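Residue numbering restarts at 1 for every chain, and letters A, B, ... go by the order of the sequence lines. Keep in mind it's a predicted model, so treat the numbers as computed, not measured. Reckoned from all heavy atoms, side chains included, excluding hydrogens, waters and symmetry mates.
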Amino acid sequence: MLFFGILSILLAVAFAKDTCYTDVGAACNSLPKLDRELMSNCNAKYGYTKKHHLVDLQSYANANIGISFEFLLMSSYFGNYEDQREGFKKLYRKFSDEMWEDAINTIKYITKRGGTMNFNESPSFVKPTNVLELNELNSLAKALDRQKQLANEALRIHSTFTQINKEDDAALAHYIEEKFLEPQADRVRDLAGYTNDLKNLLTDDDPSVSIFLFDEYLKKSL
Amino acid sequence: MANSCVDLLKSQVETEIKAAMTYLAMGAHFARDTVNRPGFSKFFFESASEEREHAIKIIEYLLMRGQLTDDVSKLLSNRLLPLRETWSNGVRALTEALELETNVTKHIQDIIKNCEKPNDSNFNDYHLVDYLTGEFLTEQYKGQRDLAGKISTLGKMMTAHGVLGEFLFDKKLLNNEV
Ligand SMILES: [Fe+2]
């Protein structure tokens, strides 16, 4: 019994290094001035985030913000009285709303895992565009490219969590899978379908009626 | 619409989005594990989305008035950043939010002044002036009053009880009780 008592004390000492518990013990025993450093292990960092900053997720959140604004402007363009495509307007507004929510959720997840958000971490995987006044087919192509860029980056981030660093942080991987990989697959597939449909419809003698009908279909289906 | 009036109204879109970005940073700051103020975080994240909605309302108005036929790309610059990323406490963040809103109100008043009597045209844009006054200024004053009230309550709670005051205020904020 005594042996186990001593053993457990020894174990407690051996494993106690860099835990919040020892920080708090030290802080309370020495009656120090209030100092955050004394509690440096009292945080939400564990698994992958114990050693790594979530830089990729920071830039991913920033990418989502930027792309959300792009979609907002693309959507607005289709709302002007000359272009007048309410279906396209609705589709891109929906993407804009979703990317915005994704950005906020990513920021929340970063902080959940003990990280901080850095708005200056610019995403290298996506180049901002200056021309968002696109015709119907070009806009679909652009939207498809954007969604694929987001999906590919999510796959890359996922693989760094699971393979490259050998950290195997299932919690982080699951978050990416559920919040990004699944909805992105749907968006990519939908856009690929729209693009092909519209391209085939444009071979018609009078494409303006085809586009009108396709836009009406988009509006009703969303 | 007078050109100068349209230009000012367009610039308001970015003003609203910039405010959204600073609120986003406030939400992120108060969500940190070592800061842990979920009430403040929720409040500021919601404010961020509200600011984005304001930008969308202005865009919708411009579309209704026949604008944005060829220049939507110029409404927003490429990388919009928050004013800062950390705040020393809740009062400081709320105070900065109030300053931000006061500034936005000033912008809207400038637009109203110009669109009523544009320097490049004789066109008095009654409808836009009415819309900005009725919809936007009302929202602005309500928002400013709300922030000022929160700053007072939190300030009073903190004079005697410091950190405890902020802790309690945060939980009230989380449940929309303050
Ligand atoms: Fe606003």
- request: Using a cut-off of 6.0 Å, state whether more than 12 heavy atoms not belonging to A:Phe212 lie near its atom CZ.
  value: no
field: Test item: A:Phe180 and A:Thr106 side chains (from C-beta on) under 4.5 Å apart, heavy atoms
entry: yes
field: Contact listing (chain A partner; residues 37-69 of chain B; heavy atom under 4.5 Å)
entry: B:Phe45, B:Ala48, B:Ser49, B:Arg52, B:Glu53, B:Ile56, B:Ile59, B:Glu60, B:Leu63, B:Gly66, B:Gln67, B:Leu68, B:Thr69
statement: Under 4.5 Å to a heavy atom of chain A? For B:Asn78 that would be side chain
message: Going by disulfide bond (SG atoms under 2.5 Å apart), name the pairs with one or both residues in residues 87-178 of chain B, residues two or more places apart or in two chains.
response: B:Cys5-B:Cys115
- prompt: Which residues, numbered in order, of residues 70-79 of chain A come under 4.5 angstrom of chain B by heavy-atom distance?
  reply: A:Leu72, A:Leu73, A:Ser76, A:Tyr77, A:Gly79
Most contacts with chain B, counted as non-hydrogen pairs under 4.5 angstrom, among A:Ser96, A:Ala103, A:Cys42: A:Ser96
query: Given side chains that start at C-beta, do those of A:Asn152 and A:Gln149 come closer than 4.5 Å, heavy atoms only?
result: no
Options A:Asn43, A:Ile110, A:Asn118, A:Thr129, ranked by heavy-atom pairs under 4.5 Å with chain B, top entry: A:Asn118
- prompt: Which of the residues A:Thr111, A:Ile104, A:Asn120, A:Val131 is involved in the greatest number of heavy-atom pairs with chain B at under 4.5 angstrom?
  reply: A:Thr111
- request: Give the C-alpha distance, both sets of side-chain angles, the deciding distance and a yes or no for side-chain contact (heavy atoms from CB on, under 4.5 Å) between B:Phe169 and B:Lys150.
  value: CA-CA 9 Å; B:Phe169 185 87; B:Lys150 285 184 165 65; 4.0 Å; yes
- line: Among B:Leu24, B:Thr86, B:Asp71, B:Asn36, the residue with the most heavy-atom pairs under 4.5 Å to chain A is B:Leu24
query: Does B:Glu85 use its side chain to pair, donor to acceptor, with the backbone of A:Phe119 at less than 3.5 Å?
result: yes
- request: Start with the C-alpha distance between A:Leu213 and A:Glu216, add both sets of side-chain angles, then the distance that settles side-chain contact (heavy atoms from CB on, under 4.5 Å), and finish with yes or no.
  value: CA-CA 5 Å; A:Leu213 288 173; A:Glu216 188 182 53; 4.0 Å; yes
message: Is A:Lys89 in contact with chain B via its backbone, its side chain, both, or neither, using a 4.5 Å heavy-atom distance?
response: side chain
task: Answer yes or no: are there more than 12 heavy-atom neighbours, outside A:Tyr21 itself, under 6.0 Å from its atom OH?
output: no
task: Look at atom CZ of B:Arg92 and say whether more than 12 heavy atoms of other residues, nucleotides or ligands are closer to it than 6.0 Å.
output: no
field: Nearest atoms (heavy-atom pairs only) where B:Leu147 meets B:Glu101
entry: CD1-CG, 3.8 Å
Sequence neighbours excluded, every pair satisfying disulfide bond (SG atoms under 2.5 Å apart) that has a member inside residues 117-166 of chain B: none
Under 3.5 Å donor-acceptor, B:Asp120 side chain and B:Ser4 backbone: yes
message: Any non-hydrogen side-chain atom of A:Leu140 less than 4.5 Å from a side-chain atom of A:Tyr92?
response: yes
- request: Look at A:Met117, A:Arg113, A:Arg93 and state which one has the largest set of heavy-atom pairs under 4.5 Å with chain B.
  value: A:Arg93
